[in-house]
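Letters go in sequence order (proteins before strands), and every chain restarts at 1.
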Amino acid sequence: MHSVVSWTAAISGCVQNHDLVRGIDLFRRMIIAGVKPNDFTYSVILGAHPLVRPNEVHAQVIKTNYETLPTVGTALLDAYVRIGAINVARVVFNMIDKDIVAWSAMLSGYARIEDTEGAVRTYMQLGEEGICPNEYTYSSVINACTGPAAAAEQGKQLHACSIKWGYSCALCVSSALVTMYAKRGNIDSAYKVFCRQRERDLVSWNSMISGYAQHGHARKAFEVFDEMERRMIRPDGITFVGIISACTHTGMVEQGEKYYSMMVDHYRITPTMEHYSCMVDLYSRAGMLEKATSVIASMPFQASATVWRSVLAGCRLKRNLEISKLAAEKLISLQPDHSAAYTLLSNIYAAAGKWKEKSEIRKLMDERKVKKEAGYSWIEVKKKTYTFLAGDSSHPLSDRINEKLRELLSLLKDMGYRPDTDYVLHDVEEEYKEAILWRHSEKLALAFGLISTPQEAVIRIEKNLRVCGDCHTVFKLIAKIVRREVIVGDSNRFHHFKGGSCSCGDYW
DNA sequence: ATAGGGTTAG
């Protein structure tokens, strides 16, 4: 007869080795054998997600009065977080005799859904209750400040707090800081934190490489990679996702190929879907569509929607009707509800003057009731984040924003700017297309930034979609005429506009 | 003899 301890030890071993099926089987056999699970057992079995659903265990945990134990309660909370049930997780959290692990688990729950406010509110409560945070607390709450709508100021304050408590040097905290600063558009601060790290692990190096990649600083990413190799740190698959995407963002096709073979031949790392996806993106953006499709044909995976979207975006550049049709059909069949494929294909037909095909796409969208994904932009002014939706007029300063936009438009037109209406999907008159373009969320956010921040301040804008070509042109011109530095983080990378040009070199 | 929280990617 085995004791509850040996049963639990056996189950724990299975779960830690990802053999969930065997772990769950052991749990069942334990019950059948008449051995009652204890608090350790419940903590272990809750870790067997996604095969074990938290609600299945929750009732038993309540019945056995383990719900308030920090160990069981935290495991339960975390299991709810993993299925996206943050509200249930919070209810569980409120029941627990909270220790610092429970607090950190709740914070990382908010971080997972990018709820910066929820995380910061919880972090404040922790302080009010006189609880002493530790390094995991900081790593979690800082991680909750990486989302596009998070205020950069918030992250900075948490950095200061972590210094005050003496945790800023802990690896998990400093790597979270590198990622946070990079994602907030502040790559210089990210690098400063990276330089101050006394010791580094793989995650530290990867965070810095990915940060540089997102900002299109390929050479700097290579330098960090070289330094890493010099120090005999073995890169992993994630390192190469970072380094190849740095090549992708700058059009360095040969370098990308070099790193890919280095990964496979020298480091013997088996490429994953992400690596193929990077390579397809590398070729697509460089307009090498045949190469891109041959990668797809050769890979041992079904091409994901991301992969076809890269190809389709590349087709827009090269106007390859045949490949774009193939890519769009694949993409539409994978994601019939998403607008991206329809939009891109429609734009390609429009550019090729194929109006009949374009209107058929339009009809298909109407039939399937596909809505264009709404474009959002965020801008931080005086420590507060403002959200703009395309066509938005709900902002209190809406009149002044529009006035500013009109003023800028006429200035730009004098400089020879012509709106690039290729980016408008709707079948409407040219003048109306121009109006739509000039209601894009990033333009609204920029106008608001210009009227509400001092001349010397850098304007930082985040966007949920990729920045459109017309907005990109306009931002370059505006940055020049108003002599301001503007940083835009879109869903793909960062653009630094300064003196009439962009850090992406118009390659994005 | 058994337990819960964190970090890098597209």
Side-chain angles (χ1 to χ4, degrees), chain A residues 2-16 26 30 35 37-47 61 66 69-79 81-82 89 92-93 96 98-109 111-112 133-144 146 167 170-180 182-183 190 194 197 200-211 213-214 235-246 248-249 272-282 304-307 309-310 491-493:
Chain A
H2 295 292
S3 70
V4 62
V5 176
S6 47
W7 278 110
T8 306
I11 297 168
S12 173
C14 294
V15 173
Q16 272 167 29
L26 278 175
M30 168 184 174
V35 178
N38 66 9
D39 47 340
F40 286 72
T41 323
Y42 285 123
S43 302
V44 168
I45 203 71
L46 279 163
V61 167
Y66 288 133
L69 268 189
T71 48
V72 181
T74 303
L76 190 57
L77 178 169
D78 192 53
V81 164
R82 281 172 203 276
V92 172
F93 176 70
I96 306 175
K98 294 180 255 310
D99 61 6
I100 193 59
V101 179
W103 283 96
S104 303
M106 193 65 240
L107 287 172
S108 74
R112 186 179 281 259
N134 67 15
E135 63 271 39
Y136 296 120
T137 320
Y138 277 104
S139 141
S140 302
V141 71
I142 290 166
N143 189 31
T146 55
Y167 292 125
L171 271 184
C172 62
V173 178
S174 54
S175 292
L177 285 169
V178 169
T179 303
M180 186 272 291
K183 289 218 165 140
F194 176 76
Q197 288 180 318
R200 294 189 189 121
D201 61 5
L202 187 55
V203 176
S204 325
W205 294 95
N206 287 353
S207 305
M208 195 65 238
I209 290 171
S210 303
Q214 285 154 11
D236 68 354
I238 294 175
T239 318
F240 284 100
V241 171
I243 207 85
I244 298 171
S245 70
T248 301
H249 287 151
T272 63
M273 187 64 218
E274 281 70 29
H275 297 111
Y276 290 110
S277 174
C278 279
M279 293 307 287
V280 171
D281 206 16
L282 179 72
S304 65
T306 314
V307 167
R309 208 175 302 125
S310 301
S491 58
N492 201 246
R493 58 163 297 156

Item to check | Candidates dA3(B), dG5(B), dT2(B) - which lies nearest the side chain of I100(A) | outcome: dG5(B)
Next on the checklist: So, OP1 or OP2 of dT7(B): does either fall under 4.0 Å of a side-chain N or O from N143(A)?
Outcome noted: yes
Next on the checklist: Using a heavy-atom cut-off of 4.0 Å across all strands, would you classify L77(A) as base, sugar-phosphate, or nothing?
Outcome noted: nothing
Next on the checklist: Using a distance-only criterion (donor-acceptor N/O pair, under 3.5 Å, no hydrogens), is the base of dG4(B) paired with the side chain of S43(A)?
Outcome noted: no
Checklist entry - Which part of the nucleic acid, if any, lies within contact of D99(A), taking any heavy atom under 4.0 Å across all strands shown: a base, the sugar-phosphate backbone alone, or nothing? => result base
Checklist entry - What is the ring orientation for Y167(A) with Y138(A), classed by angle as parallel under 30°, tilted 30 to 60°, or perpendicular over 60°? => result tilted
Next on the checklist: Can you measure R112(A) atom CZ to dG6(B) atom P for me and round it to whole angstrom units?
Outcome noted: 7 Å
Item to check | Separation of dA3(B) P from Y42(A) OH (nearest whole Å) | outcome: 17 Å
Checklist entry - Could you state the CG-C1' distance from N492(A) to dA9(B), rounded to the nearest angstrom? => result 12 Å
Next on the checklist: Under a 3.5 Å distance rule, please check whether R493(A) uses its side chain to pair with a backbone N or O of H249(A) as donor and acceptor.
Outcome noted: yes
Checklist outcome for this item: Y167(A) atom OH is separated from dG6(B) atom C1', nearest whole Å, by 14 Å
Item to check | Interatomic distance, N206(A) CG vs dA9(B) P [rounded to whole Å] | outcome: 9 Å
Next on the checklist: Can you see if the side chain of Q16(A) gets near the phosphate of dT2(B) - specifically, an N or O under 4.0 Å from OP1 or OP2?
Outcome noted: no
Checklist entry - Any side-chain heavy atom of M208(A) within less than 4.5 Å of one from R200(A)? => result no
Checklist entry - W205(A) CH2 to dA9(B) C1': how many Å, rounded? => result 18 Å
Checklist outcome for this item: Against the side chain of N38(A), the closest entry in dT7(B), dT2(B), dT8(B) is dT2(B)
Checklist entry - Separation of D236(A) atom CG from dT7(B) atom C1', in whole Å? => result 12 Å
Next on the checklist: Side-chain N or O of S210(A) versus OP1/OP2 of dT8(B): is the shortest distance under 4.0 Å?
Outcome noted: no
Next on the checklist: Whether the side chain of T74(A) engages the backbone of P70(A) through a donor-acceptor N/O pair (distance < 3.5 Å, no angle test) should be reported.
Outcome noted: yes
Next on the checklist: For a quick test of reading the model: is some side-chain N or O of S12(A) closer than 4.0 Å to OP1 or OP2 of dA3(B)?
Outcome noted: yes
Next on the checklist: Tell me the interatomic distance from L69(A), atom CG, to dT2(B), atom C1', rounded to whole angstroms.
Outcome noted: 14 Å
Next on the checklist: So if I take every side-chain heavy atom of Y136(A) and compare against dT8(B), dA1(B), dG6(B), which nucleotide ends up nearest?
Outcome noted: dG6(B)
Checklist entry - Touch check for V5(A), heavy atoms < 4.0 angstrom, all strands: base, sugar-phosphate only, or nothing? => result base
Checklist entry - A75(A) has a side chain; which of dG5(B), dG4(B), dA9(B) sits nearest to it? => result dG4(B)
Checklist entry - For the side chain of S139(A) and the base of dG6(B), is some donor closer than 3.5 Å to an acceptor across the two? => result no
Next on the checklist: Counting only side-chain heavy atoms from C-beta out, which of dT7(B), dG6(B), dA9(B) sits nearest to K183(A)?
Outcome noted: dA9(B)
Checklist entry - How about T179(A) and T146(A): does a side-chain donor come under 3.5 Å of a side-chain acceptor? => result no
Checklist outcome for this item: Between V178(A) and A190(A), the two heavy atoms sitting closest are O-CB, 3.5 Å
Checklist outcome for this item: Which of dT8(B), dG6(B), dG4(B) is nearest the side chain of V203(A)? It is dT8(B)
